[in-house]
Structures are given as C-alpha cells and as structure tokens.
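Report on the following structure.
Below, chain A is the first sequence line, B the second, and so on; all start at residue 1. Every value quoted in this text rests on a predicted model; they were computed, and no experiment measured them.
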2 protein chains.
Amino acid sequence: MFQVPTKTQYAIRALVHLVRTKSASVASIAEAQRIPLKYLEAILGQLKSAGLVVAVRGRSGGYRLARDPELILMSDVVRATEGEITPVGCLDDAGFCMVSEACLPRPFWFGLKRVVDAYLESVTLAEIAEPGFLPAPESSQRDFVARG
Amino acid sequence: MFQVPTKTQYAIRALVHLVRTKSASVASIAEAQRIPLKYLEAILGQLKSAGLVVAVRGRSGGYRLARDPELILMSDVVRATEGEITPVGCLDDAGFCMVSEACLPRPFWFGLKRVVDAYLESVTLAEIAEPGFLPAPESSQRDFVARG
DNA sequence: TAAATTCCTACTTGGTTAGTCTGAATATAT
DNA sequence: ATATATTCAGACTAACCAAGTAGGAATTTA
C-alpha cells in the first residue's frame, strides 16, 4: 500500500538535483540520477506544465527551478505528477456510500487524506535537498482525530 | 496517489458490518455491502489468516470478529490485506540510493510512512463503526518533522 | 442426506505503470 | 551557414497488478 510511483520518485530526485546544480540538461540529470532519459524528458515536461521548472531550449539549454526551493512544497510536486490525493472514490462522488452504513469508513479515509496532505504541505523541496533532514523520533498521531 | 485498493475498502466495510451484526455469512455481507461474493470470500480468507476474524464452516456457519473491535487497529486491517506500508523500495533495500545524493529524499519518504502508520494505529475498528466518528478540524503536521 | 456454508486453485480481463521510439522544433556554438 | 545540442510531442509497447470469475471440494448442520 502507498507504493509511490517511480515517476514521482524520479521527479523528486530530479528536482533535488536542480536545487544543487542550479541548471542542468535532461541528459545530465538522467545520468547522475540513473533515470531513463526519455522517461525523464516526459516527467520534466509535466513539472514544467505545473510551473515548477523552467525550460531553455536549444543548444546549451536545460532546466532550472521556476522559483526558490523554499517556496516549493512537496504537495506541489506530488500534485504535479499525480494529481489530487484521493484515497477513496467516495470522497468525491456522493453515491451509495452516503446512504447506508456502507460508508461509515468515509470519515476515516478523509482523516487519512488530511494527515497525508498536511505532511506533504509541511515539507519543502529545500528541506529535502538538505542532507540533515530527518523525521522526528516520536509523537502520537492520536490528537488528529476526534471522537464523536 | 494513495488510491486505496478496493480490496482494502471492502475488507473494512465487511469488518464494520461484523462489528454490528456479531456474526454473518459471506453472502449476507456481500449483499448488504454490495461487494462481489466470490471476491469477498477471498478477502475474508485473508482476514482470517491474519487472525482478525474467525470462520465457522458448514450450514449456519459464517464469520465473526476474532476479538473486540476496540482491540483491532486499522493498521492491522491494512496490513492484513496489503502488507507493510513502504512508500518507496529503498526503505528496505540499501542499494544505490544510500550512496549518492540520489537518496536525499529517503528521510522524506520515511517521514511519510511514519505519519501514515501513526494514523492507522491511532484508529480502531470500533471507532470507525461508530456513526459519530470524525477527523479533527485543524492541526499542523509540521511538528512531526525535525530539521537538521 | 440435502442444503448451506467456508475453502481452495486456477483463470480472465482491464487498466495502469514504466518505458521506448521516432522525429520535429528550437536555439547556440563554431 | 551549418552542425550540434537540446527541448518537445505523440504514438506505441511490454509487463505487471488489481479486480473479479469460475468451478468445485470440504465441512457442518438442519
């Protein structure tokens, strides 16, 4: 569960690379990060469409970040490669599950979405690119749900 | 991203059903929860292997919870249907990504795993089966990561 | 002994992910 | 100018996995 697609992993690695090199061609990123060249081309295209990177075409062109990495949230990146986070369909559509007990689980899924979203919004690209970044040792998630 | 497989959704719905009915046949659960019969059979088999439910074979048999729903964590359920939560392969194997900057993102993924795990462990089946269950309105996830 | 049930194994099917291929458009270095 | 290095675009393919089916065997009770 929660297997993150390689596309997103590649995207993040590429962006981290750009944090450190300022500017780089697809080929150089692909080699340094061992990402299939043509695949990475497509991925950077998506990141460009999402406004996270800027491309310079032609000889001695390449990619660079569209803004400071402190201003790029990981939620931005994930949204760029995969769209919104919706653990379960019934968070959008209001079909069967609204009616019966079948959708008692709905608030639970919604809580999961909130927790994941909050985490992704709490981390910036700049932080990831910094070698010292570490998750905190201990804390209970318990406070993030209220009982009815 | 984070699309939860229907198998897991079905598993949870089935378990919630068992919280409320005490005991039920696959057929009755399948009908009430609109889950494909044969598929649900397989799913309940997994839940049984995981020790979450108990089966009674033969006529007037069925399934019931193996223990009180207060003692069943949602992490138990998810683990039963999908195994461990590993957003990214390199959280297990220590290959390429350990070496170079390629795996600067690793702590980030680890943090995600921790956040999700913590949430799933913070909610019990009993709570989900209760109509009043609701995620809390506001709180920052920021406290769950430390900067290096 | 018939009916209702769990259990087991194999199969099918559709969609998604991951990646390739070919080549066009564009800009620069020389 | 022209060769070269790059981004860009779209179709295509292969492999995998989720989702669900099919058929029947094993088991227990009414």
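- The CD-P distance, from Q3(B) to dC17(D), rounds to 18 Å in whole Å.
- Relative orientation of the F108(B) and Y119(A) rings is parallel, given thresholds of 30° and 60° on the angle between their planes.
- In the set dT4(D), dT6(C), dT20(C), the nucleotide with an atom closest to the side chain of R59(A) is dT4(D).
- At a cut-off of 3.5 Å, with distance as the only test, a side-chain donor of T8(B) or E82(B) sits close to an acceptor on the other residue.
- In this structure, the CD1 atom of I43(A) is 15 Å from the C1' atom of dC8(D), given to the nearest Å.
- Here the nucleotide nearest the side chain of Y39(A), chosen from dG19(C), dG20(D), dA3(C), is dG19(C).
- A salt bridge does not link R114(B) with E121(B): every distance from a Lys NZ or Arg NE/NH1/NH2 to an Asp or Glu carboxylate oxygen is 4.0 Å or more.
- R34(A) places its CZ atom 15 Å from the P atom of dG19(C), with the value rounded to the nearest Å.
- The CZ atom of F2(B) sits 14 Å away from the P atom of dT17(C) (whole-angstrom rounding).
- Residue L37(B) contributes atom CG, which lies 12 Å from atom C1' of dA4(C) at whole-angstrom precision.
- Distances shown here put a side-chain N or O of S60(A) below 4.0 Å from the OP1 or OP2 atom of dA29(C).
- Using a 4.5 Å heavy-atom threshold, the side chains of L104(A) and R20(B) count as touching.
- Separating the CG atom of L47(B) from the C1' atom of dT6(C) is a distance of 14 Å, rounded to the nearest angstrom.
- The CD1 atom of I35(A) sits 13 Å away from the C1' atom of dA18(C) (whole-angstrom rounding).
- Looking at I29(A) and L18(A), their side chains come closer than 4.5 Å, going by heavy atoms from C-beta outward.
- If you take CD of Q46(A) and P of dA18(C), they are 12 Å apart, rounded to a whole angstrom.
- Nearest-nucleotide positions on DNA chain C for T8(A) and G61(A) put T8(A) closer to the 5' end.
- Summarising the geometry of R13(B) relative to P105(A), their closest heavy-atom pair is CG-CG, 4.3 Å, with the distance given to 0.1 Å.
- Proximity note for S25(B) (side chain, C-beta onward) versus dT5(C), dA19(D), dA29(C): the nearest is dT5(C).
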Show the distances under 3.5 angstrom between N or O atoms of the protein and N or O atoms of nucleotides 7-11 of chain C.
from   : atom 1 : to     : atom 2 : distance (Å)
dC7(C) : OP1    : K48(B) : NZ     : 2.6
dC7(C) : OP2    : Y63(B) : OH     : 2.4
dC7(C) : N4     : E41(B) : OE1    : 2.6
dC7(C) : N4     : E41(B) : OE2    : 3.1

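- Salt bridge annotation for R67(B)-D76(B): present, with a cationic side-chain nitrogen under 4.0 angstrom from a carboxylate oxygen.
- For the OP1/OP2 pair of dG19(C) and a distance below 4.0 Å, the side-chain nitrogens and oxygens of T6(A) include at least one atom meeting the criterion.
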